[in-house]
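Below is one structure, written out as structure tokens, with a few remarks after it.
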Amino acid sequence: MSLDHQNAAGISLPGFTNPIFDATEVFRKVLAAMSRPGEMQSIKKLCAFPDSLNSSSAAILLALADMETEVWLAPEMDSPQARDFLKFHTGCRVIETPEDCMFAIVNTQTDLAIFNKLPIGTSEYPDRSATLVMAVENIESEPGVTLKGPGIKVSHDLRIADVTTDFWRWFEQNTQLFPCGIDVIFASEDHIAAVPRSIKAEFSLCM
Amino acid sequence: MSDIQNTSLGQDENIKARQRWISILARSSSDELQAYWDEFSPSQNFTHLRQPETGLVMVRGRTGGNGQRFNLGEASVTRCSIHLDSGEIGHSYVKGRNKRHAELAAVFDALLQNQEWGPRLDEAMIKSIEARLNKSKKERETKVASTKVDFFTMVRGEDE
């Protein structure tokens, strides 16, 4: 049966084939990505996904979201199909306000002004911050931005297609908020890479 | 999802009919469903939306059907959701841990919504399972009723 046929409605998309093992695998990849910032982790196509999401961002949500999770979908990522898919497989709440979300799902087109609305946590509870999952076309370990900080021995190069200097400027401000702040996961079709709030990203203006 | 609701589940009657057969499928036995599956051997292919998975539900009750709700105990429940190649989506929740049972019940739920299979299965399968369930319920009721004891006391401590 072709995936196109299943795309007729969100609820008719299957989730993980082996929910436990697949979710564990994705969880391990996210953990590895977070603990080795900027290092690319390959991620297999483990589930069908709604058109508005890409395969790895859908897999991340299937693995990490549950009925206690509030997910905000940027207008670019939102569709009735995506909502049905997430509600059916994870039971999570898809909310309308980015201010209250735990996961914000965006892409490179999303208005940066919204990023400043995401919760950054509090000094007592810095963990009550949002995780930003950004669907991107391509991730490469090539010169682009230079990442430094905990989890990186010297420095790490990362090039992400279509991510603007403005984004990295926002991220620089985000770093200043430490221990509060947003953690970012970049998700292309087959790879993920994470840049947590503790990382200093150096970028050149000619990007 | 919206188009499914419009075509097959739009009216209350359709929802009621589906609730009826889902309830009967949930109370059926696994062997029974397997036997019907072998008998009809539907050629439909299906994919899993949700693989059969087992979990616990808390069964709650009220003494005498009213009063405070209390937790009776936990029961294992297996659920499954499938998608037929012809487009119907079937869901099932069955008591116990039999994954095949949940899978068959979900496939039958989807087939019962199908124009071609629905009426046939309803006539040949659902009605006979229902008859069996009613019969065994009656037998049990008769058996229980025969051992019923009425206690007569002078004061029962309640005003009715």
Side-chain angles (χ1 to χ4, degrees), chain A residues 1-27 44-53 55 58-69 71 73 77-94, chain B residues 1-10 14-15 18-19 22 42-58 76-94 97-100 102-115 117:
Chain A
M1 177 176 193
S2 76
L3 287 177
D4 290 333
H5 180 73
Q6 291 169 351
N7 277 350
I11 198 174
S12 61
L13 289 171
F16 288 138
T17 321
N18 300 302
I20 294 169
F21 296 117
D22 293 349
T24 311
E25 185 175 336
V26 176
F27 179 83
K44 274 185 292 187
K45 201 172 158 188
L46 292 166
C47 58
F49 55 93
D51 291 336
S52 62
L53 300 176
S55 71
I60 289 171
L61 283 172
L62 288 196
L64 299 185
D66 65 11
M67 65 268 229
E68 291 176 353
T69 315
V71 175
L73 298 171
M77 310 301 284
D78 201 355
S79 66
Q81 193 193 27
R83 284 168 182 249
D84 285 344
F85 176 77
L86 293 176
K87 267 183 209 155
F88 180 72
H89 289 295
T90 72
C92 70
R93 270 166 296 171
V94 177
Chain B
M1 195 169 167
S2 53
D3 51 9
I4 297 164
Q5 279 170 341
N6 290 340
T7 52
S8 62
L9 291 177
N14 283 335
I15 294 178
R18 193 172 175 203
Q19 281 173 338
I22 285 183
S43 51
Q44 293 270 10
N45 286 324
F46 64 89
T47 46
H48 288 100
L49 293 180
R50 180 148 58 202
Q51 300 279 339
E53 55 190 20
T54 304
L56 284 176
V57 294
M58 178 60 78
S76 306
V77 165
T78 305
R79 67 175 180 182
C80 179
S81 297
I82 63 100
H83 183 266
L84 280 190
D85 277 8
S86 54
E88 289 84 1
I89 290 170
H91 302 288
S92 72
Y93 281 77
V94 298
R97 290 173 297 169
N98 190 328
K99 294 190 168 166
R100 179 69 180 153
E103 190 176 46
L104 285 172
V107 178
F108 277 125
D109 173 38
L111 284 171
L112 279 154
Q113 295 171 63
N114 185 290
Q115 302 285 341
W117 284 91

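Protein chains get the first letters and strands the later ones, always in sequence-line order, with residue 1 at the start of each.
Here the closest non-hydrogen pair linking B:His91 and A:Phe88 is CE1-CE1, 3.7 Å.
Side-chain contact between A:Pro14 and B:His83: absent, with no pair of heavy atoms (C-beta onward) separated by less than 4.5 Å. Side-chain contact check for A:Thr17 versus B:Gln51: some heavy-atom pair is nearer than 4.5 Å.
In this structure, B:Leu56 places its CG atom where more than 12 heavy-atom neighbours from other residues, nucleotides or ligands lie under 6.0 Å away. Counting non-hydrogen atoms of other residues, nucleotides and ligands closer than 6.0 Å to CE of B:Met58 gives a total above 12.
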